[in-house]
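In this chain, numbering begins with 1 at the start of the sequence shown. These numbers come from the heavy atoms of this one structure, side chains and all, not from hydrogens, waters or symmetry mates. None of these values were measured; they are calculated from a predicted model.
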Amino acid sequence: MLLWLWFRLSTSAPNYYSSIGWHSHEMLFGFSMAIIAGFLLTAVRNWTGIDTPTGKPLALLALLWVAGRVLPFIPSLPTWLVVCVDWLFIPALIIALTNPLIKAENRVNRLFIPLLGVMAIANLLYHLEGLGFTQTGQDGISLMRNMVLLLLIFVGGRVLPFFTEKAIQGAAPQFSKQREQIIYTLFTLWIVAELLLPQSWLIAPLALGVAFTQAWRLYDWYHPGIWQQPMLWILFCGLAWLILGFLLKAMALYDLFPNNLATHAFTVGAIGIFTLGMMARVSLGHTGRNIQAGKSITIAFILINIAVAIRVLLPVTGLLSYQACITLSGSIWSLSYLLFVIGYIPLLLRPRIDSRPG
């Protein structure tokens, strides 16, 4: 994010990408994929009881991710090499996860394999334009964004009711099979419509339908006690920004709100906030510690919501220039993650306090 702000102010960019292209690609295929990989490599082992890569294989996977971030900045490298190295990370992750997911009894978790496969296709669509073969770069970005949102919706449906019931005495989040079926049907139709029918009138009602079903979830899971639990309210805030994002997307289709700002309600908002909240929570759980938010991480949770409001809502007021909004929001957003890093790196570099595998 800080590099993006520098590029925007200096009008420079990596050799392979344009400035905006690099920002869009790296926040989804760089930042988000690192989070997804870390989450799945840890969670799949817990869900299945079967080891995922550790040691040298895990280090090689991490180095492949790092290489995909660094190579675009090296002059004179052939474009095909930059593309191949970046693209190979998701297939490598699929290989790392396939064995435990296939061997485990729970077939639902196997859905992560095709989901990651679609993410790899999305990255290919982006790079095909970079190689000069197609005009599918924006399709790849939109498809990847929607895949990350789908993962957020899926994981949120698993963890938010469980976390709420566990943390708040008397909380009883409601599960509705009908609601969940409607959610995934509408969201799948939204993905297809955005990809194949980007100008269709269908997109607005689908966006409103997804917003309504997510609000239905929020209503069924909400308990006033979440406001005493920062580790909970941050995840509910991520869901709230997801709902607002779909409402703003519907408005944007009728030119009632800027489409770019609506998109950032998804990315800076729903994805950025849910990611920070989940990292803060599971890092404590997977190091054997109590799930309690410290002062610095609580401040980070507040700051990231302020950053989203500045990025999504402040530009339409005209109180600050668009460039000032981007710079201020990006700086505060980065500060919130910096607070996480400062607070959590010491925990993550040490073994679990209960001596179990991390």
Side-chain angles (χ1 to χ4, degrees), residues 1-10 12-14 17 19-36 38-39 69 141 144-145 148-149 151-152 156 230-231 233-245 248-249 257-283 293-317 319-345 348:
M1 181 64 75
L2 294 176
L3 274 176
W4 156 240
L5 295 178
W6 171 255
F7 292 155
R8 190 171 178 88
L9 292 171
S10 66
S12 62
Y17 300 99
S19 176
I20 293 177
W22 178 84
H23 173 62
S24 300
H25 182 273
E26 288 305 282
M27 293 308 294
L28 290 170
F29 293 101
F31 170 82
S32 294
M33 269 315 306
I35 305 300
I36 291 167
F39 172 75
R69 317 284 64 79
I141 292 296
M144 180 60 178
R145 184 193 70 231
V148 177
L149 292 177
L151 183 61
L152 186 156
M231 290 293 186
W233 63 248
I234 187 63
L235 300 179
F236 277 87
C237 284
L239 181 56
W241 281 107
L242 179 68
I243 295 166
L244 183 60
L248 296 178
K249 273 288 183 182
F257 195 84
N259 184 61
N260 179 52
L261 299 184
T263 297
H264 281 81
F266 291 144
T267 53
V268 181
I271 295 172
I273 288 175
F274 200 84
T275 293
L276 182 63
M278 284 294 291
M279 288 198 306
R281 184 184 183 92
V282 300
S283 295
K295 186 175 180 179
S296 64
I297 199 65
T298 302
I299 293 171
F301 291 164
I302 295 169
L303 287 176
I304 197 169
N305 278 281
I306 293 172
V308 182
I310 292 171
R311 184 65 181 87
V312 176
L313 303 177
L314 191 59
V316 300
T317 68
L319 295 175
L320 289 177
S321 69
Y322 188 59
Q323 179 62 55
C325 289
I326 291 176
T327 303
L328 183 59
S329 173
S331 300
I332 296 173
W333 198 90
S334 300
L335 177 59
S336 67
Y337 274 89
L338 180 61
L339 288 173
F340 168 83
V341 170
I342 293 171
Y344 277 77
I345 282 293
L348 295 171

Open item on the list: Using side-chain contact (heavy atoms from CB on, under 4.5 Å), reason through M1 and M27 one step at a time and then give a plain yes or no.
Closed with: CA-CA 8 Å; M1 181 64 75; M27 293 308 294; 3.9 Å; yes
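Minimum interatomic distance between L339 and S296 (heavy atoms only, all atoms of both residues): CD1-O, 3.8 Å. For the residue pair G330 and L5, the shortest heavy atom distance occurs at C-CD1, 3.8 Å. The shortest heavy-atom contact between V316 and P258 is CG1-CD, 3.9 Å. Nearest heavy atoms, W333 versus S336: O-OG, 2.5 Å.
L28 has its side chain out of reach of M33: every pair of non-hydrogen atoms, C-beta onward, lies at least 4.5 Å apart.
In this structure a side-chain-to-backbone donor-acceptor pair under 3.5 Å is present from T317 to L314.
Between the OG1 atom in T327 and the CH2 atom in W6 there is a gap of 12.0 Å [rounded to 0.5 Å]. The distance from the CD1 atom of I326 to the OG atom of S331 is 11.0 Å, given to the nearest 0.5 Å. Here the straight-line distance linking atom CD1 of I234 with atom CD1 of I304 works out to 6.5 Å at 0.5 Å rounding. The distance from the CH2 atom of W4 to the CZ atom of F31 is 16.0 Å, given to the nearest 0.5 Å. Distance CD1/I345 to OG/S283: 9.0 Å, rounded to 0.5 Å. Rounded to the nearest 0.5 angstrom, Q323 CD and R8 CZ are separated by 4.5 Å.
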Distance-only donor-acceptor hits, side chain of residues 266-282, under 3.5 Å, sequence neighbours excluded:
| from | atom 1 | to | atom 2 | distance (Å) |
| --- | --- | --- | --- | --- |
| T267 | OG1 | T263 | O | 3.3 |
| T275 | OG1 | I271 | O | 2.7 |

Using residues 305-313 as the side-chain source, report each donor-acceptor pair under 3.5 Å to any protein atom, sequence neighbours left out, with the distance given to one decimal.
| from | atom 1 | to | atom 2 | distance (Å) |
| --- | --- | --- | --- | --- |
| N305 | OD1 | W241 | NE1 | 3.1 |
| N305 | ND2 | F301 | O | 2.9 |
| R311 | NH1 | Y322 | OH | 3.4 |
| R311 | NH2 | H264 | NE2 | 3.3 |
| R311 | NH2 | Y322 | OH | 3.1 |

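With L303 as the partner, the side chain to side chain contact (heavy atoms under 4.5 Å, CB included) test is satisfied by one option alone out of T298, L338, I332: I332.
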